[in-house]
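Structure, as structure tokens:
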Amino acid sequence: MTVRTRFAPSPTGYLHIGGVRTALFCWLFARRHGGQFILRIDDTDQQRNVEEALAPILHGLHWLGIDWDEGPEVGGPYGPYYQSQRGDRYQAAVEKLLAAGAAYYDYATTEELQVEREAAEREKRVFLSSRRFMAETAVDRARFEAEGRKPAVRLKMPREGTLVIQDIIRGDVAVDWAREQDHVIQRADGSFLYHLANVVDDYDFKITHVIRAEEHLSNTPRQIFIAQSLGYDLPIYAHLPFVAEPGSKTKLSKRKLDKYLKNADFATLLKHGRKVADALGLTVDQNTFNPVVVDFYEQVGYLPEAITNYLALLGWALDDQTEHFSRAELIQHFSLERVNKAAASFDPKKLWSFQDRHMQRLTLEQKVERVVPYLQRAGIVEHCGAGETPAPQERAKIEHVIRAAGDRIKTSGDILDYVYFFVADDHLVYDEKAVAKSLQKLGAAELLAKYCGQLAVVESFEAQPLEQMTHAFVEAQGVKIGDIVHSLRAAVTGQSVGLGLFDSLAILGKASCLSRIERMLKQLESSNNKCPD
RNA sequence: GCCCCCUUCGUCUAGUGGCCCAGGACAUCGGAUUCUCAGUCCGAGAACAGGGGUUCGACUCCCCUAGGGGGUACCA
């Protein structure tokens, strides 16, 4: 038997982290077993432009490397893969259920049902429809229709016995049939409901393993009833625990994006993301530029492998030690048997640490590749358009910055923290606080001027010799190294924090360093003249 | 309300009756390294929801309670 799993998103306009975790598990399981992963679009209830609302979801899956064997864009032998286009299949199923006595036309109005429901509640018993308006014969139908009633099709659920759902993750779950409502499968307007569509599609697509979120566990009985009434073999079920909100066990929801922004850890991620977006001059969508939406991570320059690594560990673990997984290792080791039962809350800080770790393992080459598009989009790297490769000397400089930055570049977008290496000397922007803190100190300018003279005669403008020279200089001057480094840094980079100072000098090169220092000295001089205090 | 599911450090988890006075990771807090920052290294604190059983022995099995979550739609 070939394993076939599916992920069935609704076109909502964005891919959220909980949804993608479900997709990942389905995908991982299929890949682990050399099976197929199918993408089906649950758009039965869709008013909006489906393609438009679907695009970000497909894009997010592509970005994460979750590829599908059948579905939108790629087609497949069992299509169409959009529920909105499968009406004839659902209609046939409804008719079959009707014929088998597993469903009926119900002519009750919502209000009439509501009355029954409330009565049941008052009497503290399980609500079950009285089936007063159930029509199982043409005669009944004609009678109700003469009253001007419109029918919906309901499942005629069993009212006795017990169903045992076998679930890989949860074991056997027993439920009484008599608790199950006669759910509507086709609306009065002829449209179909999720449960029916879902069962028919899973069967048509030959899905072997239904891997989905826990919220569907309670819905499973009615789906099993539909499947059995239609004579289908049951798929194997695996109900995944929720991805919960940080600091809570409530399911991460699509509709509470704003709320998550108030969480301190989300806020930290968002702040970092905004910094990158600002540096790019990006106008971000306030609604979806949000750490709960996958697209956010792509824009900021996270690594897809870091995200999938983190997400895989949200509800699954291989053992008590291993945490770092490449995508291939994930495929190799994933199993549903080791999926947890309890909801796991999403921890932005931990995701960040995975990102950090994956970034650290990248080669220089790989980092350059990822970082260059950000420099291009920010208009920093000249002489080349997007998609083109930077000129050799420019590339060398980028490499130099990345090497010197070490672990400081946590996301690709972080390269934009170092744009001051790339701007023209007379365009360097100084951070006022940095200048005030170090350069406006008494004697700082004089010391810097002297140092500048030394710098001018350095032959090998590399980090090591520069450091040696500087140490010799401070010793000769009888000052501490700290007296020069901070003002020097501020003068050449405009910042109070940054890469190693000598690396920074080397990256800029002698000419830039001298010109930036001179510019700063002049600036200090003129401001001193203006306000002599 | 009713039904179902879940419950180990703040968080993600390991643990399937003795290896556990509970292991790892993130986070936190110390300390070391350093020109800042990032890192790195060393170290610390931190949990079996509660109560009953079963057993020579329970984090592990059973029951109850509590808490959390989900479902209960002509939503998906």
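By convention in this document, chain letters (A, B, ...) are assigned in the order of the sequence lines, proteins followed by strands, and residues within each chain are numbered from 1.
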Going by atom types only, do A:T12 and A:S10 share a side-chain donor-acceptor pair under 3.5 Å? no
Using both distances under 3.5 Å as the test, list the Watson-Crick or G-U wobble partner of B:C2, or none. B:G71
At under 4.0 Å between heavy atoms, what does A:D407 touch on the DNA or RNA strands: base, sugar-phosphate, or nothing? sugar-phosphate
Side-chain N or O of A:S496 versus OP1/OP2 of B:U36: is the shortest distance under 4.0 Å? no
Identified pairing partner of B:U60, criterion: Watson-Crick or G-U wobble below 3.5 Å: none
Go through it in stages, so that I can follow the logic: the residues are A:L466 and A:L455, the test is side chain to side chain contact (heavy atoms under 4.5 Å, CB included), and I'd like the CA-CA distance, side-chain angles, deciding distance and then a yes or no. CA-CA 8 Å; A:L466 283 167; A:L455 211 52; 3.7 Å; yes
Side chain of A:K249, heavy atoms from C-beta onward: which of B:G39, B:G68, B:C4 has the nearest atom to it? B:G68
Taking only N/O atoms, report every protein-nucleotides 46-51 of chain B pair under 3.5 Å with atom names and distance.
none

A:L311 atom CG is separated from B:U11 atom C1', nearest whole Å, by 15 Å
For atom C1', what is the distance between B:U65 and B:C12, given to the nearest Å? 28 Å
Does the structure show a Watson-Crick or G-U wobble partner for B:U7, both distances under 3.5 Å? Name it, or say none. B:A66
Name the atoms and distances for all side-chain donor-acceptor pairs under 3.5 Å in residues 188-200 of chain A, with sequence neighbours left out.
from   : atom 1 : to     : atom 2 : distance (Å)
A:D189 : OD1    : A:S191 : N      : 2.8
A:D189 : OD1    : A:S191 : OG     : 2.6
A:S191 : OG     : A:R187 : NH1    : 2.9
A:Y194 : OH     : A:N198 : ND2    : 3.4
A:H195 : ND1    : A:Q223 : NE2    : 3.0
A:H195 : NE2    : A:R222 : NH1    : 2.8
A:N198 : OD1    : A:R212 : NH2    : 3.4

Cation-pi between A:R21 and A:F25: NZ/CZ under 6.0 Å from ring centre and within 45° of the ring axis? yes
If the C1' atom of B:A73 is compared with that of B:U55, how far apart are they to the nearest Å? 49 Å
Which value, in whole Å, describes the distance between the C1' atoms of nucleotides B:G67 and B:A27? 25 Å
Ring-plane angle category for A:Y260 and A:F266, please: parallel below 30°, perpendicular beyond 60°, tilted otherwise. tilted
Classify the angle between the aromatic ring planes of A:Y302 and A:Y297 as parallel (below 30°), tilted (30 to 60°) or perpendicular (above 60°). perpendicular
Geometric class of the A:F346/A:Y310 ring pair [parallel <30°, tilted 30-60°, perpendicular >60°]: perpendicular
Rounded to the nearest Å, what distance is computed from the CZ atom of residue A:F325 to the P atom of nucleotide B:G24? 17 Å
For the side chain of A:S345, starting at C-beta, report the closest nucleotide among B:G23, B:C5, B:U11. B:U11
What distance, rounded to whole Å, do you find between the two P atoms, one in B:G69 and one in B:C63? 24 Å
Whole-Å P distance, B:C26 and B:G43: 14 Å
Using the salt bridge (charged side-chain N to carboxylate O under 4.0 Å, His left out) criterion, which residues pair with A:D503? Sequence neighbours excluded. none
Is A:R141 positioned over the aromatic face of A:Y105, cation under 6.0 angstrom from the ring centre and no more than 45 degrees off axis? yes
Please determine, by modelled atom types, if A:Q468 and A:Q464 share a side-chain donor-acceptor pair under 3.5 angstrom. no
Report which part of the nucleic acid A:R338 touches: base, sugar-phosphate, or nothing (heavy-atom distance under 4.0 Å, all strands). sugar-phosphate
Verify the distance criterion only: is there a donor paired with an acceptor across the side chains of A:Q366 and A:T363 at less than 3.5 Å? yes
Measure the distance from CD on A:E245 to C1' on B:G68 and round it to the nearest whole Å. 13 Å
Return the nucleotide paired to B:A44: Watson-Crick means purine N1 to pyrimidine N3 with N6-O4 or O6-N4, wobble means G-U with N1-O2 and O6-N3, both under 3.5 Å. B:U28
Protein-to-nucleotide contact annotation, 5' to 3' order, nucleotides 71-76 of chain B [B base; S sugar-phosphate only; - none; under 4.0 Å, heavy atom]: S-SBSB
Would you mind reading off the distance between A:K341 atom NZ and B:U8 atom P, rounded to a whole angstrom? 13 Å
Distance check needed: B:G10 C1' versus A:F346 CZ, whole Å only. 17 Å
Closest non-hydrogen atoms of A:G494 and A:Y430, given as atom of the first, atom of the second and distance, are CA-CD2, 3.5 Å
Searching all strands shown, indicate the nucleotide that pairs with B:U33 (Watson-Crick or G-U wobble; both distances under 3.5 Å). B:G39
Please confirm whether the shortest side-chain N or O distance from A:K410 to OP1 or OP2 of B:C37 is below 4.0 Å. no
Between B:U54 and B:C2, how many Å separate the two C1' atoms, rounded to a whole number? 32 Å
Name the orientation class of the two ring planes belonging to A:F144 and A:F133 (parallel below 30°, tilted from 30 to 60°, perpendicular beyond 60°). tilted
If each of A:V175 and A:Y418 is mapped to the nucleotide of RNA chain B with the nearest heavy atom, which maps nearer the 5' terminus, i.e. the 5' end? A:V175
CG of A:N340 versus C1' of B:G15: gap in Å, rounded? 11 Å
How would you label the contact of A:A120 with the nucleic acid (heavy atoms, under 4.0 Å): base, sugar-phosphate, or nothing? nothing
Set out, line by line, the N/O atom pairs under 3.5 Å between protein and nucleotides 63-65 of chain B.
none

If we count only N and O atoms by modelled type, under 3.5 Å, do the side chains of A:T268 and A:D265 hold a donor and an acceptor together? no
Produce a footprint string for nucleotides 25-35 of chain B: one letter per nucleotide, 5' end first; B if the base is under 4.0 Å from any protein heavy atom, S if only the sugar-phosphate is, - if neither. BSS-------B
Spacing of A:I17 atom CD1 relative to B:C12 atom P, expressed in whole Å: 16 Å
For the pair A:D202 and A:R6, evaluate salt bridge (charged side-chain N to carboxylate O under 4.0 Å, His left out) and give the outcome as yes or no after the intermediate values. CA-CA 8 Å; A:D202 283 346; A:R6 47 69 170 173; 2.8 Å; yes
With a 6.0 Å cut-off (strictly less than), is the heavy-atom count around CD of A:Q114, excluding the residue itself, greater than 12? yes
Rounded to the nearest angstrom, tell me the gap between atom OH in A:Y237 and atom C1' in B:C4. 16 Å
